[in-house]
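What's counted below: heavy atoms across the whole structure, side chains too, no hydrogens, waters or symmetry copies.
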Amino acid sequence: MSALAGKAAKNLKKIRDSKPLIHNITNFVVMDTTANALLACGASPVMAHADNEVEEMVDLAGALVLNIGTLSDDWLITMIKAGRRASTLGKPIVLDPVGAGATALRTNAAKAILFQTWVSVVRGNASEILSLSGQDGSTKGVDATHTVADASDEAGRLARELGTTLALTGATDLVTDGRRTLTIEGGHRLMPYVTGTGCSASALIGAFLSVDNDPLTAAATALAYYGVAGEIAGTRATGPGTFAIHLLDALYSLQPDELEARCRIAPG
């Protein structure tokens, strides 16, 4: 087994042993889905977006996940407030720039968070990531119009420019910090048919960041874990509805030794 496969197993065990609190300021569509994914992983989720408590909640959390899926001006102010507190405390931040590239509000909001806080990992589809570079990263609503392969060269340059780690998810996932690049195989064709699968990936990266201080390996091992769970769910599902249920069960039942045996992380 590769060292990265072993690290994936160790990270999952650490999460289940320590049950880290993961603070999510996320969108209304996926709160239930992402909370359940974190619980199944072994973490403790909190969905707290009230402006007058987010700093206190950040103080308690192992990581902060910011998701702009149902964005408003007030929520952006609160996200930046929470992000600044996390940055001051040296706590990891995950940004999910849902729909960046679709509207100026979303694109500018993602950039504002990046420029005013210390984001550890940006997790998005290829079009969302490209929109942060000033290139043509337009999306169709929240859906990608580019593949991970389309964005792979630009991702390394952009990661260096932003000083963060980028996690691009698709048929094959790619994680880069501009110096090192990893690819992750896994998942299932039904994942795009269930709302919140991408948002859950971002939340799980937050959990793995709470136990792994290297954003590159934290993101890669989280996506490997999610990908194996997706493969397991796909063998049992008959459609999107049953897949969603089986995915949650797979996240819960997947053990570190099985993850180590099945995950596929490779240098990019």
Shortest non-hydrogen contact from [X] toward [Y]:
| X | Y | value |
| --- | --- | --- |
| Ala207 | Ser210 | O-OG, 2.5 Å |
| Ala126 | Val148 | CB-N, 3.9 Å |
| Ala112 | Ile80 | CB-CD1, 4.2 Å |
| Ala100 | Leu132 | CB-CD2, 4.5 Å |
| Leu223 | Ala201 | CD2-CB, 4.0 Å |
| Leu39 | Pro45 | CD2-CD, 3.5 Å |

Give the cluster check for [X] versus [Y]: same hydrophobic cluster or not, with ILVMFWY residues linked at side-chain heavy-atom distances below 4.5 Å.
| X | Y | result |
| --- | --- | --- |
| Leu174 | Ile205 | no |
| Leu38 | Leu254 | yes |
| Val175 | Leu166 | no |
| Met57 | Met31 | no |
| Val121 | Val119 | no |

Side chain [X], main chain [Y], donor-acceptor under 3.5 Å:
| X | Y | answer |
| --- | --- | --- |
| Arg16 | Gly42 | no |
| Thr164 | Ser120 | yes |
| Thr165 | Pro215 | no |
| Asn67 | Val65 | no |
| Thr70 | Phe28 | yes |
| Lys91 | Ala61 | yes |
| Lys81 | Glu55 | no |
| Thr107 | Ala104 | no |
| Gln255 | Ser253 | yes |
| Arg123 | Thr169 | no |

Are any non-hydrogen side-chain atoms of [X] and [Y] less than 4.5 angstrom apart?
| X | Y | value |
| --- | --- | --- |
| Arg179 | Leu216 | no |
| Thr33 | Cys199 | no |
| His188 | Leu247 | no |
| Arg180 | Asp214 | yes |
| Val30 | Ser200 | no |
| Asp51 | Asp74 | no |
| Leu21 | Ser44 | yes |

Set of side-chain hydrogen bond (donor to acceptor under 3.5 Å, both in side chains) partners for [X], sequence neighbours left out:
| X | value |
| --- | --- |
| Lys19 | none |
| Lys14 | none |
| Thr172 | Glu185 |
| Glu161 | Arg157 |

Worked check of side-chain contact (heavy atoms from CB on, under 4.5 Å) between Ile113 and Leu76 = CA-CA 8 Å; Ile113 293 168; Leu76 176 58; 3.8 Å; yes
Take Arg85 and Leu64, measure what side-chain contact (heavy atoms from CB on, under 4.5 Å) needs, and give me the verdict at the end.
-> CA-CA 10 Å; Arg85 181 63 177 171; Leu64 172 66; over 6 Å; no
Rounded at 0.5 Å granularity, tell me how far [atom1] in [X] sits from [atom2] in [Y].
| X | Y | atom1 | atom2 | answer |
| --- | --- | --- | --- | --- |
| Ile25 | Leu71 | CD1 | CG | 11.5 Å |
| Leu66 | Trp75 | CG | CH2 | 11.0 Å |
| Leu60 | Glu56 | CG | CD | 8.0 Å |
| Thr117 | Met79 | OG1 | CE | 11.0 Å |
| Asn36 | Tyr252 | CG | OH | 13.0 Å |
| Thr181 | Asp153 | OG1 | CG | 9.5 Å |

More than 12 non-hydrogen atoms from neighbouring residues, nucleotides or ligands closer than 6.0 Å to CG on Asn108, yes or no?
-> yes
Would the number of heavy atoms belonging to other residues, nucleotides or ligands and lying under 6.0 Å from CG of Asp73 be above 12?
-> no
Partners meeting ring pair (Phe, Tyr, Trp, His ring centres under 6.0 Å) with His246 (sequence neighbours left out) = none
Check Thr34, Thr26, Asp96 against Ser202 for a side chain to side chain donor-acceptor pair (under 3.5 Å) and give me the one that passes.
-> Asp96
If a pair satisfies side-chain hydrogen bond (donor to acceptor under 3.5 Å, both in side chains) and one of its residues is in residues 216-228, list it, with sequence neighbours excluded.
-> Lys7-Thr217, Asn11-Thr221, Asp212-Thr217
Between Ser87 and Ile93, is a side-chain contact (heavy atoms from CB on, under 4.5 Å) present by the stated rule, with each step listed?
-> CA-CA 8 Å; Ser87 299; Ile93 303 170; 3.7 Å; yes
Any chance you could lay out the side-chain contact (heavy atoms from CB on, under 4.5 Å) test for Leu251 and Leu204, step after step, and finish with the verdict?
-> CA-CA 10 Å; Leu251 289 169; Leu204 291 170; 4.2 Å; yes
